[in-house]
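Below: the structure, in structure tokens.
In each ligand, atom 1 is the first atom listed, and ligand 1 is the first ligand listed. What you see below is based on every heavy atom in this structure, not just the backbone, and it leaves out hydrogens, waters and symmetry mates. Everything quoted here is computed from the prediction, not taken from an experiment.
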Amino acid sequence: MASLWLPFTQMKNKKERINAVSGKGSYLFLQDGRAVIDLVSSWWVNVHGHGREEIAAAIYQQALKLEHVLFADLQHEGAYRLIEKLSSHLPSSLHHFFFSDDGSTAVEVALKMATQYWKNRKEAKRNKWIVFEGSYHGDSVGCMSLGQRGPFTAAFQDLLFEVFSLPFPATYENDSEVEQKEAKTLELFSALLKKEKGRIAAVFIEPLVQGASGMRMCREKFLIALEAEVRKEGCLLVYDEVMTGFGRTGEWFSLVKSATCPDLLCLAKGLTGGFLPLALTICTQKIYDAFLGEDLALTFYHGHSYTANPLGCAAAIASLELLEKEEAFRKIEAMHRKELQPFFQEPTIEKIRLCGTIAAMDLKVEEKGYGSFVGEKIQKLALERGIYLRPLGNVLYLLPPYSITSKELAFSYEVIRECLKEI
Ligand SMILES: *Cc1c(COP(=O)(O)O)cnc(C)c1O
């Protein structure tokens, strides 16, 4: 009998089978007839809510015309239109666009571009990497190397390359130690850059919010200081905005919100509004230029079969048009803030934080991390009551699609409070 093997799932424990059959707005409709609010935005990809007809229609129209083409030889109008549109929301220095398929490939491309950039410039000594504790950049081998090591990467340890890892100055509401945390990281960073002068290739960061390690948030101020240090040393700065892009932080991008600018930017998840896999790695002129020349060895030899898929581009253009028209992401932080107020008095809750459309809090438990089962328990209880959550260990977070109404959000927080009472 054919069997499914699910991602991040111990199949031995997997007894339940829950089919989703349709989605509309903030709701998913399950086969057993239940309607649940999707507070995970289908693993952080959905932007406007489910079932937006404008995007579905754009994909259909494109499919009737041209479904795909080998992008290295032949391009298509949609790819140009998409990058033109995106450009108007990015700093003008980021204007060379390389397409791939998903977040992992976008980061892998950035990693390879940064590597070859220094090779092409005859500065091959720059081959070391700086990342932050708790970072997640995807599941391919290069991406795992850049990410936090732990139970998920343990089996692959022999395949991974070494990186320097600095503490991430994660903060929350009423955090009295944020200044010290930032100062400490910046001090360590500066010392490391001095010690490894001329040997660092790039610094990778999830700007403003580290997603997978538990919606850990830092301040804009920290990114500004980080950028300044990087510029002094001359290494590259890479922003992985795979999760934070397209309004998630309350602005179009974290780089807009912080008024900082990396050398390389990775985008995926929300790019198509959550309809199709598509990704971009965007770079500056100096990086692009380092790959130009008569010598073929300067070429960036990388590509994927579905590069710049026209259906994905059509979806992305339609999604960006909706985003421009509605900018619905701007209203959600205030909605979260209002609903979060009672949680400041919950004795079982700590480290309440929010950034744009994302709200998160830690459940006080003995055993922390992804392995703690309290998250699973809450997920089950919440689903029975009509909301779909996917806690990260003891971290409860709400990352709703921008279709969420204040009523839907109030209901969601109400359910969470009931679940907390029960455990
Ligand atoms: C999800 C994620 C990735 C990986 O993206 P996939 O599309 O799942 O490969 C990379 N970086 C960040 C910050 C992410 O949240």
Side-chain angles (χ1 to χ4, degrees), residues 6-9 40-47 98-114 129 131-150 152-153 156 160 163 165 168 170 202-218 223 237-249 253-255 257-258 262 264-282 302 304-309 312 315-316 319 355-358 360 370 390-393 395 397-399 401:
L6 305 173
F8 300 109
T9 304
V40 196
S41 290
S42 292
W43 236 340
W44 319 343
V45 303
N46 189 286
V47 172
F98 191 96
F99 278 98
S100 63
D101 300 342
D102 51 53
S104 303
T105 53
V107 172
E108 203 79 34
V109 164
L111 177 62
K112 287 176 72 174
M113 274 183 184
W129 311 91
V131 302
F132 290 88
E133 288 165 14
S135 53
Y136 176 78
H137 295 291
D139 280 340
S140 58
V141 172
C143 295
M144 274 195 295
S145 291
L146 296 170
Q148 173 71 46
R149 309 297 155 89
F152 287 25
T153 60
F156 316 108
L160 308 184
V163 295
S165 188
F168 184 78
V203 180
F204 279 74
I205 189 167
E206 292 160 85
L208 295 185
V209 188
Q210 288 188 330
S213 67
M215 298 300 154
R216 285 160 29 105
M217 301 176 184
C218 75
L223 293 180
L237 180 61
V238 185
Y239 275 8
D240 176 352
E241 293 222 42
V242 168
M243 191 278 283
T244 55
F246 306 101
R248 201 62 74 183
T249 64
F253 298 100
S254 287
L255 56 82
K257 191 164 177 173
S258 61
L264 287 149
L265 170 67
C266 307
L267 301 177
K269 291 195 169 114
L271 175 57
T272 62
F275 272 70
L276 287 166
L278 187 73
L280 279 165
T281 305
I282 308 166
H302 184 106
H304 300 278
S305 330
Y306 278 97
T307 295
N309 174 253
S319 176
C355 179
T357 72
I358 310 167
Y370 208 94
R390 190 179 163 87
L392 292 155
V395 177
Y397 71 89
L398 300 91
L399 194 148

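Take Ser104 and apply the side-chain hydrogen bond (donor to acceptor under 3.5 Å, both in side chains) test, not counting sequence neighbours, and it matches no residue.
Scanning all protein heavy atoms for the shortest distance to atom 11 (N) of ligand 1 gives Asp240 OD2, 2.7 Å. Scanning all protein heavy atoms for the shortest distance to atom 6 (P) of ligand 1 gives Gly103 N, 3.5 Å.
Within the 4.5 Å cutoff, no side-chain heavy atoms of Thr244 are placed close to those of Glu206.
Of all the heavy atoms of Val242, the ones lying under 4.0 Å from any atom of ligand 1 belong exclusively to the side chain. By the criterion of a heavy-atom distance under 4.0 Å, the backbone of His137, and not its side chain, is placed next to ligand 1. Proximity of Lys269 to ligand 1, defined as any heavy-atom pair under 4.0 Å, is confined to the side chain (atoms from C-beta onward). In Ser104, the parts holding a heavy atom less than 4.0 Å from any atom of ligand 1 are both the side chain and the backbone.
For the atom pair Lys269 NZ and Leu278 CG, the distance stands at 14.5 Å (nearest 0.5 Å). Ile358 contributes atom CD1, which lies 4.0 Å from atom CE of Met243 (distance to the nearest 0.5 angstrom). The CZ atom of Phe152 lies 9.0 Å from the OH atom of Tyr136; values are rounded to the nearest 0.5 Å. To the nearest 0.5 Å, atom CG of residue Asp102 and atom CG of residue Leu271 are 11.5 Å apart.
Taking the six-membered ring for Trp and the full ring otherwise, the centers of Trp43 and Phe8 sit less than 6.0 Å from each other. Aromatic rings of Tyr239 and Phe253 (six-membered ring for Trp) have centroids beyond the 6.0 Å cut-off, not under it.
Under the 4.0 Å distance rule, the nearest protein heavy atom to atom 8 (O) of ligand 1 falls outside the cut-off.
Each of the atoms 15 (O) of ligand 1 lies under 4.0 Å from some heavy atom of Met243. The distance from ligand 1 to the heavy atoms of Gly138 drops below 4.0 Å at these ligand atoms: 4 (C), 10 (C). Counting atoms of ligand 1 from 1 in the listed order, those under 4.0 Å from a heavy atom of Trp44 are 15 (O). Near Glu206, with a cut-off below 4.0 Å to any heavy atom, the atoms of ligand 1 are 13 (C).
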